[in-house]
Amino acid sequence: MTGTPRTLAEELRTRTDSGLVGLLRARPDLLNPVPGDVTQLATRAGTRASVVRAVERLDRFVLQTAEALAVAPDPCPYDTLGALMAGDAGDPEVAAELPRAVAELRAQALVWGPDDRLRLVRTARELLSPSATHPSPTGLGPTVAEATAGMSPGRLQEIIAAAGLPTTHDPVTAVAALTGLFSGRSRMAALLDTAPAESVAVLDKLLWGPPYGGVTDRPAPHLQWLLDRGLLIAAGARNVVLPREAALHLRGGRAHHTPEPVPPALAPATERDPQLVDNAAASQAFTALATVEELLKEWDLGGPAVLRAGGMSVRDLKRTAAALDTTEQLAAFWLELAYGAGLIASDGEADERFGATPAAEEWLQLPDHERWAALAAGWLAATRTPGVVGTADAKGRALAALGPHLDRSPAPEVRRRALSLLATLPPGTSVPAAAVRSRLRWERPLRSGAAAGQAPAPAAGRTASAAVVDGATGPAGSAGSAPDPVDDLRSRLAQWTLTEAELLGVTGRGALSAHGRALIDATSHTTADPTPADTGAAATRAAALLAPLLPEPVDHVLLQADLTAVAPGPLHRPLADALGVLADIESKGGATVYRFTPASVRRALDAGRSASELQEFLSTHSRTPVPQPLAYLIDDVARKHGRLRVGAATAYVRCDDDALLSEILADRRAATLRLRRIAPTVLAAQTAPDQLLDGLRAMGYAPAAESAAGDVLIARADTHRTPPRSAPVPVPDGPPSPDPTLLTAAVRAIRAGDLAATAERKPVHTPAPAPGALPRTTSAETLATMQAAVLTHSALWIGYVNADGAASQRVIAPVRVEGGFVTAYDHTSDEVRTYPLHRITGVAELADDSV
């Protein structure tokens with residue numbers, strides 16, 4: 001195609017296949033479903049939903065360029081756009097970056113046309129242009145022509161006369177004359193030189209927006225001076241507006257208060273020894289593993305109940321935080337981290353409770369670096385956001401940990417972008433979190449009301465009204481300035497990402513570690529979103545770098561005379577599990593301290609271990625002799641353990657020593673158990689066996705539970721597991737990025753469909769179909785044309801209706817016609833296909849050079 005394109009479709013038709021691939025990759029929503037031809041692609045690219053999504057993903061300078069085009073003449077020459085972005089004084093950085101911005105807008109089909117006639121697509125212009133319903137992000141108001149629409153011809157003549165212009169014969173030339181006055185730099189400067197100082201002050205307050213202001217029924221003289229000359233134009237009964245052309249003159253030609261062609265620098269940077277950073281990150285990674293293990297152990301016998309609306313109650317969250325010795329917000333993070341890795345879930349029972357999953361058992365058996373890889377991969381791809389726990393939802397209800405409505409679809413992208421920014425710094429270098437948030441905000445600006453089409457405009461000139469009438473200071477920034485980034489979801493996600501990365505050991509002392517860099521590098525240099533397989537492979541490579549930095553597990557403890565044991569490092573899993581039953585953890589850190597108590601020893605005996613087994617276990621795994629107080633404690637608890645037997649009647653207590661039973665009956669603390677003797681060695685109770693066990697243990701006895709056969713019941717610590725559960729599936733943020741195979745096939749289909757829709761047809765005897773309509777021929781004509789095409793090896797244009805009743809146009813090269821079917825090479829689908837002749841609505845020959 002030659003000449004200047006008249007539509008977006010015509011320009012897309014001239015693009016190379018790589019150009020169309022770039023468009024579809026940048027805007028994957030255009031692929032669902034695959035457009036039938038270039039016209040459909042252009043139509044879909046101009047829909048409001050697609051344009052809004054594309055505009056939201058522009059960086060700040062490209063978005064500012066689009067905003068400038070929205071207030072520029074349509075079409076806009078490149079030089080005019082450059083003047084709007086750089087102003088009369090010029091800006092070398094803006095001039096250097098503007099070609100990139102225009103190229104980006106053109107690549108995403110938001111701008112089309114040659115450089116001397118740049119056109120912003122109509123939907124984007126509607127979103128970004130100032131109107132009566134929402135302000136422009138530039139802070140500019142309507143043009144003179146728009147502001148004076150509906151004004152009486154007499155009033156227009158009065159304005160141009162007061163402005164020193166000759167009167168005209170019609171409103172159109174009057175508006176053109178006033179526009180020319182405001183656009184001319186020298187003439188406009190001469191007019192403003194005659195303005196009262198108060199009038200200029202009013203213009204300064206409206207200069208950067210909002211451009212609306214309020215006036216009284218009897219404006220002050222300095223306001224009337226502006227109204228008489230059209231520098232302020234009535235926009236309602238008591239509102240006025242500053243015309244766009246006048247504002248641009250006062251701004252020195254700039255559309256934006258502060259163009260931002262260059263992203264904010266990641267500064268100030270703090271350099272540290274990379275090895276120290278890696279060691280700090282590895283230490284925190286080990287702490288993260290220990291915290292998740294402790295959470296799983298806390299829920300071994302069953303976790304908290306599930307609320308009716310889903311999630312944990314505030315009380316249970318506080319209990320979990322106390323058990324993990326952390327804050328409630330951090331406890332929510334550890335809960336969601338384990339949930340995202342599929343280690344905890346609800347059991348789905350009638351009395352629904354949370355608990356560890358069967359996958360948790362497998363996870364606990366893995367080496368430390370592989371366990372960390374599972375947590376890191378789940379965290380990086382998760383859309384569930386623990387940072388919002390405790391905040392209110394749309395209905396004012398507090399969001400619960402492990403509950404619904406915690407998904408924030410931009411979270412994975414923000415995590416990857418934030419960590420990728422840290423990856424661009426030299427190893428061991430960190431920057432403040434505010435610098436990372438500022439850069440991310442430049443790369444993905446806030447969703448302004450003009451761009452999203454959602455935020456309602458303030459009442460016209462309500463802020464500026466005070467500026468005009470009361471003389472208060474007007475706004476200094478652009479009307480489109482967004483709120484503080486801390487209040488933005490993406491900025492909060494970035495802040496949470498940096499905090500969580502430090503907790504998980506991806507970063508150390510604020511700098512990205514070597515294993516964190518490996519986790520990100522594999523997913524940050526691709527245009528497509530990483531697949532779960534990509535993320536898992538990256539996590540595996542990162543874990544290999546982490547493994548040498550983690551402390552080696554030890555197989556011994558140091559027993560001390562004060563009934564404690566010190567683990568000089570992380571213990572092997574079987575040793576840690578066994579010692580966790582026999583003793584209570586008293587303190588954590590580089591060396592974990594365990595304390596032996598009567599209750600902990602009884603717990604080990606309840607789990608089926610004998611006193612001799614416990615003594616042998618300690619002597620085998622201790623580098624110091626078993627202290628005498630500990631040996632006495634074990635023997636003393638074992639001697640008492642099991643003398644009392646509790647079973648189910650409702651419940652009973654059995655003991656060969658009737659004196660001991662008499663002692664229990666005489667004890668006032670046993671009154672709540674409601675015991676009575678039914679035999680010399682048996683007491684009956686009107687309470688459940690588990691409550692009876694707890695009551696007797698609280699009184700200082702060591703009863704054992706027994707079965708109906710009279711055998712001692714062994715209590716295991718890992719009895720509660722949920723049914724198999726899969727990890728939560730992330731909620732996608734829009735359509736996924738297409739893979740190269742799909743992009744290639746889609747472009748081929750679009751080209752083929754375009755060929756079928758635009759190929760030149762030879763004239764036929766039947767009336768030519770209307771544009772876009774299917775060809776119509778009789779069955780005999782269709783058969784004869786098909787047979788002739790087989791002999792001449794020529795291509796045909798056919799109309800075809802499939803079994804579902806969907807009609808389409810196709811270009812085919814018939815190969816064989818027999819049995820009511822035609823076998824042909826279909827240029828539209830690029831394959832050989834067979835079509836029933838009765839489904840072909842008609843056929844027409846193509847011009848010789850169409851294929």
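Atom set for the values below is all heavy atoms of this structure, side chains included, hydrogens, waters and symmetry mates excluded. Index from 1, following the sequence.
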Chemist: Identify every side-chain donor-acceptor pair in residues 280-292 under 3.5 Å, counting partners at least two apart or on other chains, and give the distances.
Modeler:
residue, atom, partner, partner atom, Å
Gln284, NE2, Leu503, O, 3.1
Thr287, OG1, Ser283, O, 3.1
Thr291, OG1, Thr287, O, 2.8

Chemist: Under 3.5 Å, sequence neighbours excluded: what are the donor-acceptor pairs made by side chains of residues 304-313?
Modeler:
residue, atom, partner, partner atom, Å
Ser313, OG, Asp316, N, 3.1
Ser313, OG, Asp316, OD2, 3.1

Chemist: One thing to verify: whether Asp278 and Arg509 come together as a salt bridge, which I'm taking to mean a side-chain N less than 4.0 angstrom from a carboxylate O.
Modeler: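 Looking at Arg509 and Asp278, the cut-off is not met.
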Chemist: Classify the angle between the aromatic ring planes of His515 and Trp372 as parallel (below 30°), tilted (30 to 60°) or perpendicular (above 60°).
Modeler: perpendicular
Chemist: Using side chain to side chain contact (heavy atoms under 4.5 Å, CB included) as the criterion, list what pairs up with Arg595, not counting sequence neighbours.
Modeler: Asp562, Leu563, Thr564, Glu586, Thr597
Chemist: What pairs with Thr424 under side-chain hydrogen bond (donor to acceptor under 3.5 Å, both in side chains), at least two apart in sequence or on another chain?
Modeler: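 In terms of side-chain hydrogen bond (donor to acceptor under 3.5 Å, both in side chains), with neighbours along the sequence ignored, Thr424 is linked to no residue.
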Chemist: I'd like to check the ring pair (Phe, Tyr, Trp, His ring centres under 6.0 Å) partners of Tyr701; sequence neighbours left out, ordered by chain and number.
Modeler: none
Chemist: For the pair Arg444 and Glu413, find out whether any cationic side-chain nitrogen is under 4.0 Å from an anionic carboxylate oxygen.
Modeler: yes
Chemist: State which residues pass ring pair (Phe, Tyr, Trp, His ring centres under 6.0 Å) with Trp379; sequence neighbours excluded, sorted by chain then number.
Modeler: none
Chemist: Find out whether Arg353 and Trp299 are in side-chain contact, i.e. whether some heavy atom of one side chain is under 4.5 Å from a heavy atom of the other.
Modeler: no
Chemist: side-chain hydrogen bond (donor to acceptor under 3.5 Å, both in side chains) with Glu328: which residues, sequence neighbours excluded?
Modeler: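 None.
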Chemist: Is it the case that more than 12 heavy atoms not belonging to Glu271 sit under 6.0 Å from its CD atom?
Modeler: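 Atom CD in Glu271 is not packed in, count stays at 12 or less.
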Chemist: Could you pull out all residues at least two apart from Thr385 that satisfy side-chain hydrogen bond (donor to acceptor under 3.5 Å, both in side chains)?
Modeler: none
Chemist: When you compare the side chain of Phe354 with that of Ile344, does any pair of heavy atoms fall below 4.5 Å?
Modeler: no
Chemist: Let's go through Leu375 and Leu343 carefully: what are the C-alpha distance in whole Å and the side-chain angles of both, what is the deciding distance for side-chain contact (heavy atoms from CB on, under 4.5 Å) to 0.1 Å, and is it a yes or a no?
Modeler: CA-CA 10 Å; Leu375 296 179; Leu343 306 182; 4.1 Å; yes
Chemist: For the pair Asp368 and Arg371, find out whether any cationic side-chain nitrogen is under 4.0 Å from an anionic carboxylate oxygen.
Modeler: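 Answer for the salt bridge query: yes.
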Chemist: Show me the pairs that pass salt bridge (charged side-chain N to carboxylate O under 4.0 Å, His left out) and involve residues 547-559, at least two apart or across chains.
Modeler: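 Listed by first then second residue: nothing to list.
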Chemist: Are Asp300 and Lys297 within salt-bridge range, i.e. N to O under 4.0 Å?
Modeler: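 So Asp300 does not pair with Lys297 through a salt bridge.
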Chemist: List for me each residue that meets salt bridge (charged side-chain N to carboxylate O under 4.0 Å, His left out) alongside Asp694, sequence neighbours excluded, and say none if there are none.
Modeler: none
Chemist: Please name all residues satisfying side-chain hydrogen bond (donor to acceptor under 3.5 Å, both in side chains) with Thr722, sequence neighbours left out, ordered by chain then number.
Modeler: none
Chemist: Who passes ring pair (Phe, Tyr, Trp, His ring centres under 6.0 Å) against His556, sequence neighbours left out?
Modeler: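 Not a single residue meets the ring pair (Phe, Tyr, Trp, His ring centres under 6.0 Å) criterion with His556.
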